[in-house]
Amino acid sequence: MLGDELAHRKAKVEEWRSRGIDPYGSKFVRTHSAAEIIDNFSELEGEEVSIAGRVMAFRGHGKASFLDIVDMSGRIQLYGKHDALGDEQYELLRLVDIGDIVGVTGTAFRTRRGEISVAVSSFRLLSKALRPLPEKWHGLRDVDIRYRQRYLDLMVNPEVQRTFLLRTRIISAIREFLDSRGFLEVETPCMHAIAGGATARPFITHHNALDMELYLRIATELHLKRLIVGGLEKVYELGRIFRNEGISTKHNPEFTSIEVYEAYADYYDMMDLTEGLVAYVAESVLGTMAVEYQGEKIDFTPPWTRMTMAEAVRNETGIDFLSLEQKEAVAACRKLGLEVPDHAGCGLCMSEAYEEFVESSLIQPTIVMDYPIDVSPLAKKRADNPDLTYRFEVVCAGRELANAFTELNDPGDQLERFLAQVAQREKGDEEAHMMDDDFITALEYGMPPTGGMGLGVDRLVMLLTDSASIRDVILFPLMRPKE
RNA sequence: GGGCCACUAGCUCAGGCGGUAGAGCACCGGACUUUUAAUCCGGGUGUCGCGGGUUCGAGUCCCGCGUGGCUCACCA
């Protein structure tokens with residue numbers, strides 16, 4: 001049982017100490033990584049190298065032993081023999097357990113079987129592992145343990161390391177793309193007195209000294225637009241967002257978004273920007289814009305299909321909601337089996353039909369344009385149809401990837417929209433926007449015409465790493481505590 | 001929140017119709033100086049998620065609970 005194993009390994013800790021060796025060693029100077037030795041073997045053969053890593057396998061052969069150790073770059077074999085190490089050091093080598101972390105100095109060589117290895121001339125125990133590692137070829141499968149003890153997942157499942165390495169590269173590529181185009185990365189508060197910028201329920205916290213409730217941000221939008229008012233014409237923020245909502249394979253309570261704002265631009269510019277950003281990231285991280293996601297081929301090569309929501313809904317349901325009277329639209333919705341209130345406008349009816357019948361069927365990246373005003377309280381209304389806005393979403397693999405619009409910069413219109421949201425809120429809609437007088441004040445100073453875009457970074461990482469669940473791309477996803 | 005499924009050794013898993021709990025790896029003891037899923041000899045290490053119930057007898061059947069997965073709903 002585990003207790004026996006723990007006790008056995010703790011006894012080994014004492015064994016090391018009794019020999020005057022601290023089993024939790026100090027700094028070890030490495031000359032190479034495992035991959036460097038393997039990649040540069042022709043120059044390193046016969047040379048002395050120092051490497052460190054975790055012991056992943058131990059094959060003892062009496063007076064000689066083979067150990068596989070792993071560092072961040074990869075795996076390499078160690079060869080220790082009694083002749084070279086002497087009685088005492090060889091005895092210590094045989095005391096090493098799988099899972100221990102060792103530092104080794106030795107000579108790079110190739111074994112009879114052709115494997116590049118290090119012949120150990122001296123070694124140090126750098127950290128003693130008290131618990132056994134998961135099984136060596138099936139790895140760790142239990143997703144509960146994988147998420148709760150991610151370090152184990154990273155230790156034994158190489159594809160998990162690859163996913164998180166790609167995540168890091170994706171985030172770097174996003175910054176490269178935007179920085180190179182003159183966008184300024186900024187940091188705005190995570191704690192808000194008013195939670196705005198999205199329709200979502202916030203987490204609530206409390207500031208003791210000010211004795212006030214604060215909300216964790218549900219979006220970065222309203223602060224970034226204040227910066228546009230202030231003259232920072234091209235800004236972006238890459239950061240954590242918190243929404244107090246359900247957990248699913250596509251939702252984690254805290255997730256990462258990128259929001260970009262550009263003064264004097266509109267939603268057409270945001271379409272180009274979004275296509276360019278995603279294509280750049282895919283190309284620079286994966287070397288291709290065509291990926292496979294959960295068995296589907298997805299091609300991010302621009303330009304993406306662009307269609308209005310009205311067209312998309314008409315194609316799927318045969319109904320042209322925009323040509324209907326309000327009562328007809330409600331009736332049409334109900335005929336489709338959707339529940340909508342009596343007073344629902346044509347736009348709301350259309351977006352209900354869109355979400356139910358269209359969104360999940362859009363696999364290739366698709367720009368769905370001209371969202372109804374009812375569901376777009378921060379987007380500028382269309383000049384040719386005040387029921388619609390200059391807003392689009394990018395849908396891919398049947399889910400939202402990005403959301404963008406020509407920003408509403410008319411303070412009077414914005415005030416009316418907030419008032420409508422507040423009315424919704426008073427009817428019990430906890431996700432409707434709160435009134436944000438300070439944001440209205442900012443708009444009253446004049447915000448230039450602006451295009452803005454927000455993109456779910458975790459979802460982009462999912463698409464580019466072929467991950468089925470958002471929990472597979474977040475190092476430490478939220479889990480209910482055990483017990 | 002609803003439905004379905006899973007939970008057995010450190011890990012990965014098997015356990016027909018209720019009858020003393022199994023394998024591989026890991027681990028423990030022994031042999032072995034170029035192995036690599038090392039090999040050979042010997043050893044099974046367990047609160048079958050938790051709590052009740054039915055039964056002569058429960059890993060197995062029933063009820064409740066917990067955690068997780070999938071899914072629907074909700075949600076950008």
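Chain A is the first sequence line, chain B the second, and so forth, proteins listed ahead of strands; every chain is numbered from 1.
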(Q) Side chains of A:Thr105 and A:Ser50: any donor to acceptor distance under 3.5 Å? (A) yes
Q.
I need the CZ-C1' distance between A:Arg94 and B:C27, as an integer number of Å.
A. 15 Å
Q: For B:G16, measure the glycosidic angle (O4'-C1'-N9-C4 for a purine, O4'-C1'-N1-C2 for a pyrimidine) and name it syn if it falls within 90° of 0, otherwise anti.
A: syn
Q. Which parts of residues 450-471 of chain A get close to RNA chain B, meaning a heavy atom less than 4.0 angstrom away?
A. A:Arg471
Q) Would A:Phe405 and A:Tyr390 count as a close aromatic pair, with their ring centres under 6.0 Å? A) no
Q.
Reading RNA chain B from 5' onward, which residue's closest nucleotide shows up sooner: A:His138 or A:Arg112?
A. A:His138
(Q) Using a heavy-atom cut-off of 4.0 Å across all strands, would you classify A:Tyr90 as base, sugar-phosphate, or nothing? (A) nothing
(Q) Taking only side-chain N and O atoms of A:Lys136, does any of them lie within less than 4.0 angstrom of OP1 or OP2 on B:A38? (A) yes
Q | Any A:Arg113 side-chain N or O less than 4.0 Å from OP1/OP2 of B:U35 | A | yes
Q: Evaluate the ring planes of A:His61 and A:Phe66, with Trp represented by its six-membered ring, and classify them as parallel (under 30°), tilted (30 to 60°) or perpendicular (over 60°).
A: perpendicular
Q: Would you tell me if any nitrogen or oxygen in the side chain of A:Arg480 comes within less than 4.0 Å of OP1 or OP2 on B:U67?
A: yes
Q. Between the base of B:G24 and the side chain of A:Glu135, is there any donor-acceptor pair under 3.5 Å?
A. yes
Q: Answer with yes or no whether A:Glu115 presents, from its side chain, a donor or acceptor under 3.5 Å of a partner atom in the base of B:U35.
A: no
(Q) Under a 3.5 Å cutoff, is there a donor and acceptor pairing between the side chains of A:Arg113 and A:Gln77? (A) no
Q.
Using side chain to side chain contact (heavy atoms under 4.5 Å, CB included), reason through A:Ser351 and A:Met309 one step at a time and then give a plain yes or no.
A. CA-CA 8 Å; A:Ser351 68; A:Met309 181 185 283; 4.0 Å; yes
(Q) Tell me if the side-chain of A:Asp83 makes a donor-acceptor pair with the base of B:U33, cut-off 3.5 Å, by modelled atom types. (A) yes
(Q) For A:Glu339, I'd like to know if atom CD has over 12 heavy atoms of other residues, nucleotides or ligands within 6.0 Å. (A) no
Q) What nucleic acid atoms does A:Glu355 come within less than 4.0 Å of, heavy atoms only: base, sugar-phosphate, or nothing? A) base
